[in-house]
There are 4 protein chains.
Amino acid sequence: MKAENKHSKIITAATKVFAKKGFFTARISDIAKEAKVADGTIYLYFNNKYDILLSVFEEGVGKILGKTQKLLAANDDPVEMLRIYVIEHLTAMRKNKNLAEVIQIELRQTNKVIKQYRDKKFSEYTGIITTIIQFGQEKGVFRSDIHPDLSKRILFGALDEVSRVWNVTLETHYTVEEVADQVLTIFLRGIMVANN
Amino acid sequence: MKAENKHSKIITAATKVFAKKGFFTARISDIAKEAKVADGTIYLYFNNKYDILLSVFEEGVGKILGKTQKLLAANDDPVEMLRIYVIEHLTAMRKNKNLAEVIQIELRQTNKVIKQYRDKKFSEYTGIITTIIQFGQEKGVFRSDIHPDLSKRILFGALDEVSRVWNVTLETHYTVEEVADQVLTIFLRGIMVANN
Amino acid sequence: MKAENKHSKIITAATKVFAKKGFFTARISDIAKEAKVADGTIYLYFNNKYDILLSVFEEGVGKILGKTQKLLAANDDPVEMLRIYVIEHLTAMRKNKNLAEVIQIELRQTNKVIKQYRDKKFSEYTGIITTIIQFGQEKGVFRSDIHPDLSKRILFGALDEVSRVWNVTLETHYTVEEVADQVLTIFLRGIMVANN
Amino acid sequence: MKAENKHSKIITAATKVFAKKGFFTARISDIAKEAKVADGTIYLYFNNKYDILLSVFEEGVGKILGKTQKLLAANDDPVEMLRIYVIEHLTAMRKNKNLAEVIQIELRQTNKVIKQYRDKKFSEYTGIITTIIQFGQEKGVFRSDIHPDLSKRILFGALDEVSRVWNVTLETHYTVEEVADQVLTIFLRGIMVANN
DNA sequence: CATGAATGAGCGTTCATTCAT
DNA sequence: TATGAATGAACGCTCATTCAT
């Protein structure tokens with residue numbers, strides 16, 4: 001936060017502004033003002049407005065992706081891996097509410113630039129879930145009648161919607177652990193083989 | 001489809017255009033052309049661009065809401081009620097892909113007008129889930145340690161994301177039953193009290 | 001001037017503004033104000049700023065070209081034909097000073113769009129000179145050692161520069177006849193075979 | 001070319017860039033890059049963009065003017081003087097195509113700064129023609145019914161347009177002598193008294 | 001002298017909305 | 001009701017110019 005260079009100052013400002021107003025309603029001048037730079041300065045670091053949004057994703061998702069991958073690498077228990085994924089995701093969303101908002105909102109935008117990006121970086125992030133589930137099925141821990149692709153959507157959709165509690169509603173009192181526990185309890189019971 | 005009046009012709013056109021281009025990228029003239037009316041005509045039926053989006057929701061969600069409420073009224077088994085909700089939602093999303101796209105995409109927009117609406121009509125629709133879960137808990141069918149509000153988000157988020165298979169990806173081959181089954185299997189196992 | 005439609009009102013205004021300020025210094029809002037329409041109205045009739053300039057040429061040069069071709073069609077005396085060309089050109093430049101200024105100034109602009117145009121419409125206009133000279137050479141009226149292409153440039157350059165007397169300097173007192181006579185006297189003596 | 005100082009390096013670069021892109025389309029950074037200096041450095045030597053253009057003229061035209069005046073000073077035959085003027089001008093245009101382009105294109109710009117300049121330096125250069133013609137009339141070599149001012153425009157316009165063969169068209173094969181001969185043949189026959 | 005990052009005024013263009021017909 | 005030409009506010013982006021280093 002302190003010795004930030006212009007680039008990251010703008011990224012931070014843009015994340016905030018996009019979170020607050022949405023991509024289309026946000027003005028370049030809003031971002032510039034928030035970053036305390038001139039409008040023109042932004043174009044020294046980014047090609048255009050879309051490029052800023054892209055960079056917000058790239059850096060934001062990239063960080064989470066990197067950290068998550070590192071944590072998962074040291075693990076080979078599918079259940080524990082899902083737990084890590086869920087907790088990491090919710091922690092990140094809780095911590096950087098602006099980024100969370102941007103991901104939740106703008107990722108849905110019907111826009112070629114964004115969609116194109118989504119297919120690359122973001123689907124790598126959600127794809128982790130698919131991989132874990134397949135891994136768990138091979139290990140005989142997760143039920144074989146579960147579709148890895150569909151259940152990836154089920155878990156990620158749940159996570160995405162559930163993480164809105166910290167942004168949109170009056171339910172901000174939930175802790176990450178509490179929320180993670182609910183999601184994991186439900187999802188794991190749902191996909192694990194009966195173990196009684 | 002035939003004897004449509006202007007109002008619903010515009011709604012249908014707007015749903016299509018919003019689904020294809022997104023709210024902000026869509027132009028009034030696009031909708032007018034799609035509806036085969038003059039630009040100005042639109043303003044005889046709607047106050048402004050936001051109002052069109054609002055109406056698209058109002059009518060779209062309203063129909064699903066109405067039908068779902070009717071079906072649920074004749075039922076008092078929480079499990080069956082969730083099944084009905086899930087199947088009705090997915091069927092609607094599958095049937096009217098344009099509406100599905102609009103709901104999925106635009107609902108996320110951070111915009112006062114839409115948010116304000118969401119709080120009224122849409123949360124009534126998702127609120128049904130909360131009610132069913134509480135009802136099930138009272139009946140002792142659903143575990144008491146489940147947060148109705150959180151699990152509402154978990155189920156709706158899962159449904160929302162899962163219904164994207166028919167719009168965005170190459171996975172359009174899934175049937176409604178197949179998808180519903182996966183969601184219900186996982187979610188119900190997750191929230192039901194052990195019944196062995 | 002009276003029952004002008006929007007299109008020609010804008011053309012007229014643009015001609016005036018381009019003549020006064022030059023293409024690059026002219027603002028769309030200048031043209032709009034001059035034409036007494038809103039800025040946006042201009043884009044109902046033209047694609048962009050270049051398109052306006054193009055149209056100014058197209059229509060301006062087109063008219064002169066048309067009239068000149070018609071007059072020349074009824075004639076087969078090379079000397080008389082050159083006389084007609086010179087007088088018509090100077091009359092047009094004198095009459096529509098704004099168009100004259102635009103042609104003289106902007107035609108020189110290094111710009112792909114304009115250059116491309118020049119190669120089509122405008123060179124058809126100056127090409128008439130080449131044709132007349134070749135015709136005169138075939139008839140044995142003009143000297144055979146004259147390069148039609150170079151002398152086309154010589155005559156057109158002379159005409160172009162000479163017609164500036166009515167726009168730029170204090171020499172506006174010259175009559176078209178006077179100026180035409182000087183150009184013709186010099187040029188015809190220069191290219192005709194000795195006839196003593 | 002080697003031990004050029006910054007000032008002339010910038011002038012040379014600007015001439016090249018203006019010739020290629022035109023004054024308005026050229027960017028200061030283009031010139032800086034071409035001159036291999038920083039953008040800011042240009043402002044140590046010139047007040048602004050117009051000032052650069054002005055200097056390009058000043059130096060370019062100045063050189064031609066100086067050389068032409070020197071050559072003419074040693075001569076008192078009007079016909080020979082015109083021949084010198086024509087050949088010198090065409091040689092200069094042929095040699096420094098960039099300067100030629102700039103003069104041909106930008107001199108036409110309707111712009112106060114440039115116009116103001118044109119009235120001083122450039123008209124001194126074209127004024128030479130007027131002087132020679134008046135001199136020739138006094139000597140009885142040139143016809144007395146020729147307007148010195150108009151014929152100055154006629155000759156200069158011809159020269160200006162004719163010198164474009166080396167820049168714009170596919171006719172670059174013409175030699176200076178060939179072109180000069182055509183211009184001189186036509187113009188001299190046109191203005192000289194009958195000499196049979 | 002030299003640099004080049006930073007500035008911010010300015011403009012072309014779009015498009016939701018209006019209104020005369 | 002219906003039209004669609006006209007409006008003009010608003011914004012992304014450029015680039016001449018400045019100035020701290």
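Below, chain A is the first sequence line, B the second, and so on; all start at residue 1.
- Taking only side-chain atoms of B:L44, from C-beta outward, the nucleotide of F:dT7, F:dT1, E:dT3 with the closest atom is F:dT1.
- Rounded to whole angstrom, the span from the NE2 atom of B:H7 across to the C1' atom of F:dA2 amounts to 17 Å.
- Ring geometry for D:Y45 versus D:H7: interplanar angle over 60°, hence perpendicular rather than tilted (30 to 60°).
- For B:K49, there are no side chain to side chain donor-acceptor pair (under 3.5 Å) partners, not counting sequence neighbours.
- The gap from the P atom of F:dT21 to that of E:dC1 amounts to 23 Å, rounded to the nearest Å.
- With sequence neighbours left out, B:A35 forms a side chain to side chain contact (heavy atoms under 4.5 Å, CB included) with B:I10, B:A13, B:V37.
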Give the B/S/- string for nucleotides 13-21 of chain E, one per nucleotide from 5' to 3', where a protein heavy atom under 4.0 Å of the base yields B, of only the sugar-phosphate yields S, and otherwise -. BBSSBB---
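- Residues C:F24 and D:F23 place their aromatic rings such that the two centres sit no closer than 6.0 Å.
- We find that CD1 of A:I42 is positioned 10 Å from P of F:dG12, with the value rounded to whole Å.
- Under the rule for a side chain to side chain contact (heavy atoms under 4.5 Å, CB included), the partners of C:N98 that lie at least two apart in sequence or sit in another chain are C:T15, C:K16, C:A19, C:N96.
- In this structure, C:N5 places its CG atom 15 Å from C1' of F:dA6, rounding to the nearest Å.
- Taking atom CZ on D:F18 and atom C1' on F:dA16, their separation rounds to 12 Å, with Å as the unit.
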Which string of ( ) [ ] | and . matches DNA chain E, if you list each base 5' to 3' and count Watson-Crick or G-U pairs only when both distances are under 3.5 Å? .||||||||||||||||||||
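- Rounding to whole angstrom units, CG of residue B:D30 and P of F:dG4 are separated by 16 Å.
- In this structure, the side chain of B:D51 does not engage the main chain of B:L54 through any donor-acceptor pair within 3.5 Å.
- Using a 4.0 Å heavy-atom distance criterion, A:Y45 is classed as a sugar-phosphate-only contact.
- Applying the salt bridge (Lys or Arg N to Asp or Glu O under 4.0 Å) test to every pair with at least one member in residues 22-32 of chain A, sequence neighbours left out, gives these pairs: A:K21-A:D30.
- The shortest distance between the side-chain N/O atoms of B:K6 and the OP1/OP2 oxygens of F:dT1 is not below 4.0 Å.
- As rounded to whole Å, 15 Å separates atom C1' of E:dA6 from atom CZ of A:F46.
- Between D:K33 atom NZ and E:dG4 atom C1' the separation is 13 Å, expressed in whole Å.
- Scored by the side chain to side chain contact (heavy atoms under 4.5 Å, CB included) test, B:A14 finds B:F18, B:I31, B:I52, B:V56 as partners (sequence neighbours excluded).
- Under the rule for a ring-ring contact (aromatic ring centres under 6.0 Å, His included), the partners of D:Y125 that lie at least two apart in sequence or sit in another chain are D:Y85, D:H89.
- In this structure, D:K36 atom NZ and E:dC1 atom C1' are separated by 20 Å, rounded to whole Å.
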